[in-house]
Protein chains: 2
Amino acid sequence: MPGQRSITEAEKLAWDKLGGAPIQHDQMAMVANIYRAASAVRQHLENSVLRGCDLSWTGFVVLWVVWIWGESETRHVAEEAGISKGTLTGVVRTLEARGLVRRGGHPDDGRLVLLRLTESGTELMQDLFPRFNAEEAFVAGRLGDTECRRVAAGLRQVVLQVEEHGEERRRALLDGAEPAPRRSGRRPRAEG
Amino acid sequence: MPGQRSITEAEKLAWDKLGGAPIQHDQMAMVANIYRAASAVRQHLENSVLRGCDLSWTGFVVLWVVWIWGESETRHVAEEAGISKGTLTGVVRTLEARGLVRRGGHPDDGRLVLLRLTESGTELMQDLFPRFNAEEAFVAGRLGDTECRRVAAGLRQVVLQVEEHGEERRRALLDGAEPAPRRSGRRPRAEG
DNA sequence: AGTGTATCGTTCGGGATCAAACCACATGGG
DNA sequence: CCCATGTGGTTTGATCCCGAACGATACACT
């Protein structure tokens, strides 16, 4: 059972290493399980239905968003899919190479790019989505409908908390200090 | 609010596109929220406490595992951290370059590699973990202890379902067919 | 018409990610 | 002793991922 030598034992060990400082263990356990569940679900979906179509999780999500909402501006797709716009550029590149989506300019605003499914992309989603949904049902198989709703509601509270107060919180933690650049990422062009 | 133009509206649209085929929507909503919450939490943690130490989420998790469990074999660390052994090799490489962990051979079995924290890695975790835990508490701030436990328990059921029946399920879905190779990944060396 | 300033998607750099291929070491049987 | 089989960690190739830098376009104001 990966990652569960015992979460409780881990807490005891951490508590010892900190000289007895208090730990919010219910919160810690929830975060740990959110991440574990997300990994497990993604892995299962990728290795069952997605793999056969040569799609990654992210590729599927992007496809799904465009399928559901129809022709969309890339910024909206990135937002819905929960990835950065830079990542979306790359994902769309591979999706386009597979002939599943098409990129097109906006008639009125030259900055925008619109995404739409190709014929074959639409057919793929019609076949794929029901099978995807069946696996969602499988991973949730030990929980009843009501319990699913309850867990989903709890998770939504977490998402809302971060979305509504996360930035403010991060600012407060920095307390005036500069935001600490990432190690990776593009460097400013050398002055000449 | 990223990814929530409205999940319910999305379901209706999907239902239409499928010509009225039934959708397991509670399960679908739970999976969507698991992934959203995981992304939100990861993003918040990386951009608050982790960024200042130049650590990725995964880098932190690996460090945490070795900190808690002490000198460990890499296969166990990969399992606990929930990443593949190939990924671990890369993550440890960067962690080692930052002077936070050290790799060492096993005295009795020449195949094994042991990981341990350096002095500075240990100091980092002693400072970092309490601040990490404080942010875990922040993201869970809208939920009480009991609700956190309940959500964690539900998620554990999902993880267990995949771990105990996932492989069997994937085999059943393939139904004898070959497992469909990934598009990416190493190719067999050309026969000569 | 010109000049900010804002916003869009793309590029870029460092890194994470997986599965399969691969190589080194271990272990058991002939 | 040797060779088959198994089990470790590492390498490889394609992709994903982020955020900052960037170039192009849009829009408001002059």
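Proteins come first, then strands; the chains are lettered A, B, ... in the order of their sequence lines, and each starts at number 1.
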Just say parallel, tilted or perpendicular for the rings of A:Phe132 and A:Phe60, cut-offs at 30° and 60°.
parallel
Distance in angstrom units between A:Arg186 CZ and C:dG9 P, rounded:
17 Å
Could you tell me whether B:Gly110 contacts a base, only the sugar-phosphate backbone, or nothing, with contacts defined as non-hydrogen atoms closer than 4.0 Å?
sugar-phosphate
Does C:dC18 have its OP1 or OP2 closer than 4.0 Å to a side-chain nitrogen or oxygen of A:Asn47?
no
Atom pair CZ (A:Arg131) and CG (A:Leu50), whose distance is rounded to the nearest 0.5 Å:
9.0 Å
Nearest-nucleotide comparison on DNA chain C, the residue closer to the 5′ end among A:Ser184 and A:Arg93:
A:Arg93
Within residues 20-41 of chain B or reaching into it, pairs that qualify as ring pair (Phe, Tyr, Trp, His ring centres under 6.0 Å) - sequence neighbours excluded
A:Trp57-B:Tyr35
Is the distance from OP1 or OP2 of D:dG19 to the nearest side-chain N or O of A:Ser84 less than 4.0 Å?
no
If you look at every strand shown and take non-hydrogen atoms under 4.0 Å, does A:Thr89 touch a base, only sugar-phosphate, or nothing?
base
B:Glu135: side-chain hydrogen bond (donor to acceptor under 3.5 Å, both in side chains) partners, not counting sequence neighbours
A:Arg169, B:His44
Hits for side-chain contact (heavy atoms from CB on, under 4.5 Å) against B:Ala137, two or more places apart or cross-chain, chain-then-number order -> A:Gln24, A:Gln27
For A:Arg142 and A:Ala140, indicate whether the former's side chain and the latter's backbone hold a donor-acceptor pair under 3.5 Å.
no
Could you tabulate the donor-acceptor pairs under 3.5 Å formed by side-chain atoms of residues 89-99 of chain B, not counting sequence neighbours?
residue : atom : partner : partner atom : Å
B:Thr89 : OG1  : B:Lys85 : O            : 3.3
B:Thr94 : OG1  : B:Val91 : O            : 2.8
B:Arg98 : NE   : B:Asp54 : OD2          : 2.9
B:Arg98 : NH2  : B:Asp54 : OD2          : 3.3

Keeping to residues at least two apart or across chains, list the ring pair (Phe, Tyr, Trp, His ring centres under 6.0 Å) pairs with something in residues 149-168 of chain A.
none
Atom NZ of B:Lys85 and atom P of C:dA24: how far apart are they, to the nearest Å?
15 Å
Quick check: does any side chain N or O of A:Gln161 sit under 3.5 Å from a backbone N or O of B:Phe138, one acting as donor and the other as acceptor?
yes
Among D:dA14, D:dT10, D:dG19, find the nucleotide with the atom closest to the side chain of B:Arg51.
D:dG19
Which pairs with one or both residues in residues 78-107 of chain B pass ring pair (Phe, Tyr, Trp, His ring centres under 6.0 Å), sequence neighbours excluded?
none
B:Ile83 CD1 to D:dC16 C1': how many Å, rounded?
16 Å
Please identify each residue that fulfils salt bridge (charged side-chain N to carboxylate O under 4.0 Å, His left out) with A:Asp145, with sequence neighbours left out.
none
To the nearest angstrom, how far is A:Arg75 atom CZ from D:dT25 atom P?
17 Å
If you take any heavy atom closer than 4.0 Å to DNA chain D, which residues from residues 54-62 of chain B end up in contact?
none
Which nucleotide in the set C:dG9, C:dC18, D:dC17 lies at the smallest distance from any side-chain heavy atom of A:Thr87?
D:dC17
Roughly how many Å is it from NE2 in A:His44 to P in C:dA19, rounded to a whole number?
14 Å
Rounded to whole Å, please give me the gap between CZ in B:Arg187 and P in D:dA14.
6 Å
Protein N or O to nucleotides 2-6 of chain D N or O, pairs below 3.5 Å:
residue : atom : partner  : partner atom : Å
D:dG6   : N2   : B:Arg111 : NH1          : 2.9

Looking at A:Arg182, I'd like to know whether one of its side-chain N or O atoms comes within less than 4.0 Å of OP1 or OP2 on D:dC17.
no
Grab the CG-C1' distance between B:Leu95 and C:dG15 for me, whole Å please.
12 Å
Taking side-chain hydrogen bond (donor to acceptor under 3.5 Å, both in side chains) as the definition, give me every residue that meets it alongside B:Glu167, ordered by chain and number, with sequence neighbours left out.
B:Arg171
In this structure, how many angstroms lie between the P atom of D:dT15 and the CD atom of A:Glu96, rounded?
14 Å
Given Watson-Crick or G-U pairs with both distances under 3.5 Å, what dot-bracket string fits DNA chain C, with | for other-strand pairs and [ ] for crossing?
||||||||||||||||||||||||||||||
For DNA chain C, which residues in residues 100-109 of chain B have a heavy atom at a distance below 4.0 Å?
B:Asp108, B:Asp109
A:Thr74 side chain near C:dC8 phosphate (N/O to OP1/OP2, under 4.0 Å):
no
Just to confirm, is there a sub-4.0 Å distance from OP1 or OP2 of D:dG19 to any side-chain nitrogen or oxygen of B:Gln43?
yes
Give a yes or no answer on whether the side chain of A:Ser72 reaches the backbone of A:Gly70 with a donor-acceptor pair at less than 3.5 Å.
yes
